S.K.: 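First, the structure itself, so that you have it in front of you.
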Amino acid sequence: MNYWLLRSEPDVYSIDDLKKEDVGMWEGCRNYTVRNFLRDRFKVGDLCFFYHSNIAPVGIIGIMEVVREAYPDPTQFDPKSEYYDPKADPANPRWLVVDVKFVKKFDKCVELSALKANPKLASMGVVMKGQRLSIMPVTDAEWTEVLRMTSED
DNA sequence: GCCAACGTTGGC
DNA sequence: GCCAACGTTGGC
């Protein structure tokens, strides 16, 4: 199984929104690298960090689990959606989603500044400059280390 | 709101 | 297939 980090702006979709729904569709990814992760590497049972971007505090706020593997993102065909893609072909969809289930919300956000300050996480995608993917793989070691940080004071 | 960095597009 | 221009992202 794999570990992932999924970014979302809480304005658009927050961990509290996911908690309310319990199972949510991770919609709106419009990047081919991310699409390929979803298509090729996301498996049921994979665990994901939920990362809040753009609004303070920026950082990892909880955990979710993949409960359904990749299928076509319905928003690409919906002209009313902000994710509508006029070039998307229903016979050969470009964009995919997975379903994720709420697992837990951390008592305290593991902030980006704390991630950056931890030398063990120096190679973690999210702390690296210019790394803008909304979905990134997380290594076993990084996963364990971030979890350890949630129990720090 | 700014800016750096990167992905995507389109002309050639 | 290259590459410049443009758009978008995300942290601050």
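Just so it is clear, the model here is predicted, and its values are computed rather than measured.
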S.K.: Answer yes or no: is there an ion pair linking E65(A) with K101(A), defined by an N-O contact shorter than 4.0 Å?
M.R.: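 No salt bridge links E65(A) with K101(A).
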S.K.: Could you walk me through whether D85(A) and W95(A) pass side-chain hydrogen bond (donor to acceptor under 3.5 Å, both in side chains), step by step?
M.R.: CA-CA 9 Å; D85(A) 181 351; W95(A) 306 117; 2.8 Å; yes
S.K.: From the list dG10(C), dG11(C), dC6(B), which nucleotide is the closest neighbour of the side chain of Y51(A)?
M.R.: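 Ranking dG10(C), dG11(C), dC6(B) by closest atom to the Y51(A) side chain puts dG11(C) first.
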S.K.: Calculate the interatomic distance between R132(A) atom CZ and dT8(C) atom C1'; express it in whole Å.
M.R.: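 Atom-to-atom, R132(A) to dT8(C), this comes out as 6 Å.
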S.K.: How long is the line joining CZ of F37(A) and P of dG7(B), in whole Å?
M.R.: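 That distance rounds to 11 Å.
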S.K.: Could you tell me whether K105(A) and D16(A) have a side-chain N and a carboxylate O separated by less than 4.0 Å?
M.R.: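 Salt bridge: yes.
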S.K.: Taking side chain as C-beta onward, heavy atoms only, is H52(A) less than 4.5 Å from E9(A)?
M.R.: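 Counting from C-beta outward, H52(A) and E9(A) never come under 4.5 Å.
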S.K.: Of the nucleotides dG7(C), dG10(B), dG11(C), which has the atom closest to the V58(A) side chain?
M.R.: dG11(C)
S.K.: Atom CG of L6(A) and atom C1' of dG10(C): how far apart are they, to the nearest Å?
M.R.: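 Going from L6(A) (CG) to dG10(C) (C1'), I get 16 Å.
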S.K.: Both K129(A) and R94(A) contact DNA chain B. Taking the nearest nucleotide for each, which residue is further toward the 5' end?
M.R.: K129(A)
S.K.: What integer distance in Å separates Q131(A):CD from dC6(B):P?
M.R.: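 Distance, rounded to whole Å: 8 Å.
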S.K.: Assess whether atom CG of D22(A) is packed by more than 12 heavy atoms of other residues, nucleotides or ligands within 6.0 Å.
M.R.: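 Yes, CG of D22(A) has more than 12 neighbouring heavy atoms, counting only those of other groups under 6.0 Å.
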S.K.: Looking only at side-chain atoms of N31(A), point me to the closest of dG10(B), dT8(C), dT8(B).
M.R.: dT8(B)
S.K.: Nearest-Å distance, CG (L112(A)) to P (dT9(C))?
M.R.: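 Atom CG in L112(A) sits about 18 Å away from atom P in dT9(C).
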S.K.: Ignoring backbone atoms, establish whether R7(A) has a side-chain N or O less than 4.0 Å from OP1 or OP2 of dG10(C).
M.R.: yes
S.K.: How many Å lie between CG on D11(A) and P on dT9(C), as a whole number?
M.R.: 14 Å
S.K.: Can you measure E82(A) atom CD to dT9(C) atom C1' for me and round it to whole angstrom units?
M.R.: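 Going from CD in E82(A) over to C1' in dT9(C) covers 14 Å.
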S.K.: Measuring from the side chain of E9(A) (C-beta onward, heavy atoms only), which nucleotide among dC12(C), dG10(C), dT9(B) has the closest atom?
M.R.: dG10(C)
S.K.: Given atom CG of N36(A) and atom C1' of dG7(B), what is their separation to the nearest angstrom?
M.R.: 13 Å
S.K.: Look at the side-chain N and O atoms of Y32(A) and state whether any lies under 4.0 Å from the OP1 or OP2 oxygen of dC6(B).
M.R.: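 Result: no.
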